[in-house]
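Report on one structure; see the data block that follows.
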Amino acid sequence: MKTLFVCVAMLGLMGSISAAVASPPPAYEGRRLYVSYCQLCHGPGGNGDGPLAQKLEITPADLTTTLRSRSDTILKKIITGEGRQTITGRTRHNLLSDAMPQWREVFDDAQIDALIAYLRFLSTSKHPLMEDPEVGYRLYQQYCTVCHGEEGEGDGVMTTLMKIEPTDHSSPTAMSLLSNDDMLEAIRGGRGDFMPAWDGILSRAEIEALVSYIRLLSN
Ligand code: HEC
Ligand code: HEC
């Protein structure tokens with residue numbers, strides 16, 4: 001146990017020296033854009049109940065249901081405003097209402113892909129976000145990547161040093177099996193021999209922020 005702590009302390013030092021930080025997953029970037037540009041109309045959960053929608057007296061689509069039948073290509077067209085006539089499921093002429101702004105001048109391709117990744121998260125995830133994933137992202141870089149890896153794949157530098165196999169946080173199948181409460185408990189109390197207990201080091205809100213980040217990581 002003592003060697004483990006020496007090891008952890010040394011890696012902490014190494015971590016602060018090496019500056020390379022992995023870029024966050026697309027759904028994480030997508031959420032940031034969504035919060036700034038889409039939430040006002042589409043609402044925090046995508047249900048179409050944002051404050052601006054009420055003001056403008058428009059009815060944004062409930063993205064949690066309409067998106068299931070839309071391909072990424074179609075979503076891209078809807079968001080950029082290119083090819084509106086190709087959209088199905090509209091009552092009149094299959095045309096999307098002008099109340100949905102055209103974003104083609106605002107976002108580049110990578111940003112549109114990120115937005116789509118987050119919209120997919122909103123329409124498919126069984127597990128809602130808890131506290132702010134942006135806080136979770138920073139904590140994850142600080143405390144978890146040494147074992148779980150920069151992208152959450154379970155390949156952090158400690159894995160070879162300690163011969164351990166941390167859970168793959170980027171796996172949608174593995175992560176969807178864990179409820180938010182399962183994840184909270186695992187982080188608070190630890191798991192197996194080498195997943196440390198973070199209760200006392202991190203607050204409840206910080207642990208909930210980590211759960212949110214892992215949800216976006218595994219989308
Ligand atoms: C000013 C309000 C407003 C904003 C801001 C807005 N939308 Fe919309 N959006 C709408 C309305 C209204 C509709 C419904 C249009 C219709 O049904 O013809 C819509 C429809 C959509 C649809 C089509 C849903 C479907 O499958 O039928 C998508 C996808 C969408 N919005 C994504 C976005 C994204 C992504 C953003 C942020 C980049 C965004 N919207 C910002 C008002 C808005
Ligand atoms: C010293 C290495 C190490 C560090 C640091 C670490 N983990 Fe882990 N973690 C593991 C290992 C090993 C497992 C697999 C445990 C098992 O199932 O035996 C694991 C499993 C998990 C699981 C899955 C638990 C389950 O029930 O399947 C979660 C969630 C998790 N870690 C979150 C975190 C978070 C969040 C952090 C940072 C605050 C973190 N871990 C830091 C080694 C680590």
Side-chain angles (χ1 to χ4, degrees), residues 4-5 7-8 11-12 15 30 33-43 46 48 50-53 55-70 74-81 84 87-103 106-107 111-112 114-116 118-119 122-123 136 139-149 152 154 156-159 161-169 174-175 177-180 182-198 201-202 206-207 209-211 213-215 217-218:
L4 170 64
F5 283 118
C7 230
V8 173
L11 282 159
L33 297 171
Y34 182 87
V35 167
S36 303
Y37 296 95
C38 321
Q39 188 165 282
L40 278 173
C41 288
H42 286 284
L52 201 53
K55 269 262 182 304
L56 298 174
E57 295 181 4
I58 51 174
T59 323
D62 180 352
L63 301 177
T64 61
T65 53
T66 57
L67 256 58
R68 288 189 203 136
S69 59
R70 308 246 186 260
I74 294 294
L75 282 180
K76 198 165 188 160
K77 286 180 174 170
I78 293 177
I79 297 168
T80 56
R84 303 205 144 198
I87 291 150
T88 58
R90 304 260 76 87
T91 42
R92 271 174 13 104
H93 310 302
N94 287 345
L95 276 173
L96 195 75
S97 141
D98 288 340
M100 164 64 184
Q102 307 192 9
W103 299 93
V106 183
F107 303 119
Q111 288 174 313
I112 304 258
L115 273 165
I116 292 174
Y118 183 62
L119 297 183
L122 279 180
S123 68
L139 293 168
Y140 197 86
Q141 301 302 315
Q142 203 172 349
Y143 297 111
C144 320
T145 52
V146 282
C147 291
H148 287 280
V157 61
M158 295 275 267
T159 54
L161 296 178
M162 293 175 64
K163 302 193 172 50
I164 54 174
E165 287 186 31
T167 309
D168 180 354
H169 290 157
M175 288 302 103
L177 292 175
L178 296 177
S179 69
N180 282 354
D182 293 341
M183 233 190 249
L184 261 168
E185 275 318 306
I187 301 170
R188 275 162 56 101
R191 277 284 181 276
D193 290 334
F194 296 110
M195 167 59 195
W198 297 92
I201 302 173
L202 300 172
E206 287 175 320
I207 295 177
L210 279 161
V211 171
Y213 178 64
I214 295 172
R215 290 288 173 222
L217 203 50
S218 63

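Counting convention: from 1, in listed order, for ligands and their atoms alike.
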Polar proximity ligand 2 side, R191 side, N/O cut 3.5 Å exclusive: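 Between R191 and ligand 2 (N or O atoms, distance only) the closest approach is under 3.5 Å.
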Selected option - heavy-atom contact closest to atom 34 (C) of ligand 1, from C38, A53, G30: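 Result: the heavy atom closest to atom 34 (C) of ligand 1 is in C38.
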Go through ligand 1 atom by atom and flag the ones less than 4.0 Å from a non-hydrogen atom of [X].
X    : value
R70  : 25 (C), 26 (O), 27 (O)
L96  : 15 (C), 16 (C), 18 (O)
F107 : 38 (C)

Three-point angle H42:NE2, atom 8 (Fe) of ligand 1, M100:SD, rounded to the nearest 10°: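 Angle NE2(H42)-atom 8 (Fe) of ligand 1-SD(M100): 180°, rounded to 10°.
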Residues forming a ring-ring contact (aromatic ring centres under 6.0 Å, His included) with Y34, sequence neighbours excluded: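 Partners of Y34 by the ring-ring contact (aromatic ring centres under 6.0 Å, His included) criterion, ordered by chain and then number, come out as Y118.
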contact_flag L40 ligand 1 heavy-atom lt 4.0 Å: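 L40 does not count as a contact of ligand 1 under the 4.0 Å cut-off.
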Contact with ligand 1 for Y34, non-hydrogen, under 4.0 angstrom: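 No, Y34 has no heavy atoms under 4.0 Å from ligand 1.
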Residues, nucleotides or ligands: over 12 heavy atoms within 6.0 Å of Y37 OH: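 Not more than 12 within 6.0 Å, no.
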Atom 8 (Fe) of ligand 2 contact by T167, N, O or S atom under 2.8 Å: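 Under 2.8 Å: T167 has no N, O or S contact with atom 8 (Fe) of ligand 2.
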H148 near atom 8 (Fe) of ligand 2: N/O/S under 2.8 Å: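 Yes.
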Numbering as shown, the atoms of ligand 2 that approach M183 to under 4.0 Å (heavy-atom distance):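 Under 4.0 Å from M183, ligand 2 has these atoms: 29 (C).
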Ligand-residue contact atoms, ligand 2 with Y143, heavy atoms, under 4.0 Å: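 It comes down to these atoms of ligand 2: 5 (C), 37 (C), 38 (C).
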Contacts of Y140 that satisfy side-chain hydrogen bond (donor to acceptor under 3.5 Å, both in side chains) - sequence neighbours left out: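 Once residues adjacent in sequence are excluded, the partners of Y140 under the side-chain hydrogen bond (donor to acceptor under 3.5 Å, both in side chains) criterion are H169.
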For ligand 1, the portion of V106 having any non-hydrogen atom under 4.0 Å away: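 Neither part.
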Residue part near ligand 1, for L33, under 4.0 Å between non-hydrogen atoms: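 Contact part for L33 vs ligand 1: neither.
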